[in-house]
Enquirer: 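Here it is, the structure in full.
Keep in mind it's a predicted model, so treat the numbers as computed, not measured. Numbers here are sequence positions counted from 1.
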Amino acid sequence: MIILVTGAGGPTGAAVCGYFDKKGDTVIGVDKDDVDLLDRAAVAELAARVEREHGRVDGVVHLVGGWRGSRSFAETSLDDWDVLHDLLIRTLQHVSLAFEPLLRRSDNGRFVIVSAKAAEAPSAKGAPYAAAKAAAESWTFSLADALKGTGSAATVLVVKALVNDAMRAADPEAEFPGFTHVDDLAAAVGGLYDRPAAEINGTRLDLTS
């Protein structure tokens with residue numbers, strides 16, 4: 001399979017790339033140093049390159065993330081919204097618009113974003129983050145509607161937060177309750193290929209339960 005991982009530079013990206021690499025898939029990992037995902041033309045060129053080299057894409061795992069919060073709702077900075085809009089929404093828009101045609105050519109394609117419980121239960125201190133995550137989910141479900149009737153699916157994986165080995169090593173006494181390990185997230189992404197596209201297209205899969 002041909003798997004594109006955006007936001008691949010961090011621990012989550014490393015886990016997802018490693019998962020598919022071990023399965024023998026062709027993994028294309030990109031981070032901000034490789035492609036500016038806020039530059040729509042650059043993302044379109046990335047899609048064109050994948051098309052030239054592979055003819056299709058079988059997976060797009062969009063991992064660009066970020067978090068901003070405040071001490072109270074009234075102290076919310078709309079500058080935080082601007083930052084999160086770009087990170088969580090605009091990059092998603094560029095990537096999904098560019099790669100939807102390639103996903104349609106796959107017999108078993110998957111488009112995946114990672115959302116948060118905050119999108120369904122926003123806190124007063126995290127309004128920009130929750131709103132951006134909710135918007136990202138809605139955009140992904142629009143992509144899912146576009147993929148109906150194809151072999152591909154767009155799915156939202158929901159976590160409370162993510163944890164990796166470095167975080168646990170830095171604070172061995174911490175329990176990280178409800179957190180999802182990045183390796184488990186990677187396995188969940190891989191597991192989407194074991195289910196029919198129509199079954200998971202346009203769904204939210206909660207990894208916290």
Side-chain angles (χ1 to χ4, degrees), residues 1-10 12-66 83-115 132-133 135-157 185-186 188-193 195-198 200-203 205:
M1 295 194 299
I2 312 300
I3 308 294
L4 174 75
V5 180
T6 53
T12 307
V16 173
C17 289
Y19 176 92
F20 286 103
D21 186 61
K22 290 177 182 176
K23 292 175 66 68
D25 298 315
T26 297
V27 180
I28 305 165
V30 298
D31 202 11
K32 59 184 178 181
D33 293 333
D34 304 305
V35 179
D36 181 3
L37 298 181
L38 290 174
D39 183 339
R40 187 171 182 181
V43 178
E45 173 53 34
L46 173 64
R49 176 167 64 84
V50 173
E51 181 176 19
R52 288 193 303 269
E53 296 177 0
H54 306 286
R56 71 183 196 284
V57 70
D58 302 305
V60 177
V61 187
H62 187 64
L63 300 176
V64 178
V83 170
L84 293 174
H85 172 270
D86 283 350
L87 287 174
L88 304 183
I89 304 172
R90 186 64 76 196
T91 63
L92 168 63
Q93 291 172 328
H94 289 168
V95 171
S96 58
L97 289 169
F99 281 91
E100 187 262 2
L102 294 181
L103 283 165
R104 296 179 70 86
R105 298 179 194 173
S106 173
D107 294 332
N108 195 29
R110 300 291 183 266
F111 186 98
V112 186
I113 70 165
V114 179
S115 189
K133 282 294 190 182
E137 289 193 16
S138 180
W139 185 272
T140 302
F141 294 146
S142 292
L143 172 61
D145 189 56
L147 293 175
K148 282 182 179 177
T150 75
S152 294
T155 305
V156 174
L157 299 183
L185 174 71
V189 174
L192 297 176
Y193 288 91
R195 301 171 63 179
I200 59 173
N201 190 39
T203 61
L205 302 181

Enquirer: Is there a donor-acceptor pair closer than 3.5 Å between any side-chain N or O of D36 and the backbone N or O of L38?
Expert: yes

Enquirer: Give me the atom names and distance for the closest heavy-atom approach of V43 to A98.
Expert: CG1-CB, 3.8 Å

Enquirer: Hey, what do you get for CG (L147) to CZ (R110), rounding to the nearest 0.5 Å?
Expert: 10.0 Å

Enquirer: Going by side chain to side chain contact (heavy atoms under 4.5 Å, CB included), H54 matches just one of L4, I28, L102. Which one?
Expert: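 Single pass found, and it is I28.
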
Enquirer: Compare all side-chain heavy atoms of D86 with those of T91 and state whether any distance is below 4.5 angstrom.
Expert: no

Enquirer: Do N108 and Y193 touch side chain to side chain, with heavy atoms closer than 4.5 Å?
Expert: yes

Enquirer: When you check the gap from the basic side-chain N to the acidic O, do R104 and E100 get nearer than 4.0 Å?
Expert: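 Salt bridge: yes.
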
Enquirer: Which heavy-atom pair separates W139 from S96 by the least distance, and what is that distance?
Expert: NE1-OG, 2.8 Å

Enquirer: So which heavy atom on I113 is nearest to which on A136, and how close?
Expert: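 I113 and A136 have their closest heavy atoms at CD1-O, 3.7 Å.
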
Enquirer: Looking at D107, I'd like to know if its CG atom is crowded, meaning that more than 12 non-hydrogen atoms belonging to other residues, nucleotides or ligands lie closer than 6.0 Å.
Expert: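 Atom CG in D107 is not crowded, with 12 or fewer foreign heavy atoms closer than 6.0 Å.
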
Enquirer: Rounded to the nearest 0.5 Å, how far apart are CG of L37 and CG of L46?
Expert: 8.0 Å

Enquirer: Sub-3.5 Å donor-acceptor pair from the side chain of K148 to the main-chain atoms of A198, do we have one?
Expert: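 Not a single qualifying donor-acceptor pair exists.
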
Enquirer: Please test R195 against L205 for side chain to side chain contact (heavy atoms under 4.5 Å, CB included), starting from the C-alpha separation and ending with a verdict.
Expert: CA-CA 13 Å; R195 301 171 63 179; L205 302 181; 3.9 Å; yes

Enquirer: By the definition side chain to side chain contact (heavy atoms under 4.5 Å, CB included), identify the one residue from N201, L192, L143 that meets it with T155.
Expert: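 Of all the options given, the one that passes is L192.
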
Enquirer: When you compare the side chain of K23 with that of I3, does any pair of heavy atoms fall below 4.5 Å?
Expert: no

Enquirer: With distance as the sole test, does T150 use its side chain to make a donor-acceptor pair with the main-chain N or O of S152 at under 3.5 Å?
Expert: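 Side chain of T150 to backbone of S152, a donor-acceptor pair under 3.5 Å: yes, one is there.
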
Enquirer: Is any side-chain heavy atom of V156 less than 4.5 Å from a side-chain heavy atom of T203?
Expert: no

Enquirer: Could you state the interatomic distance from CZ (R105) to CD1 (I2), rounded to the nearest 0.5 Å?
Expert: 13.0 Å

Enquirer: Considering non-hydrogen atoms only, spot the tightest contact between L63 and G7 and give its length.
Expert: CB-O, 3.9 Å

Enquirer: Got a second to check how far E45's CD is from E51's CD, nearest 0.5 Å?
Expert: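 Rounded to the nearest 0.5 Å, the CD-CD separation comes out at 11.0 Å.
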
Enquirer: Decide yes or no for H62 and T140: does some side-chain heavy atom of the first lie under 4.5 Å from some side-chain heavy atom of the second?
Expert: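 Sidechains of T140 and H62: no contact.
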
Enquirer: Please tell me if the side chains of V64 and L92 come closer than 4.5 Å, counting only heavy atoms from C-beta onward.
Expert: no

Enquirer: Under 4.5 Å between any side-chain heavy atoms of F99 and V50, yes or no?
Expert: yes

Enquirer: Output the distance between atom CZ (R90) and atom CG (L84), rounded to the nearest 0.5 Å.
Expert: 14.0 Å

Enquirer: Indicate yes or no: at least one non-hydrogen side-chain atom of V112 is less than 4.5 angstrom from one of V16.
Expert: no

Enquirer: Which pair of non-hydrogen atoms, one from M1 and one from R56, has the smallest distance, and what is that distance?
Expert: CA-NH2, 4.4 Å

Enquirer: Shortest non-hydrogen contact from G65 to L87?
Expert: O-CD1, 3.6 Å

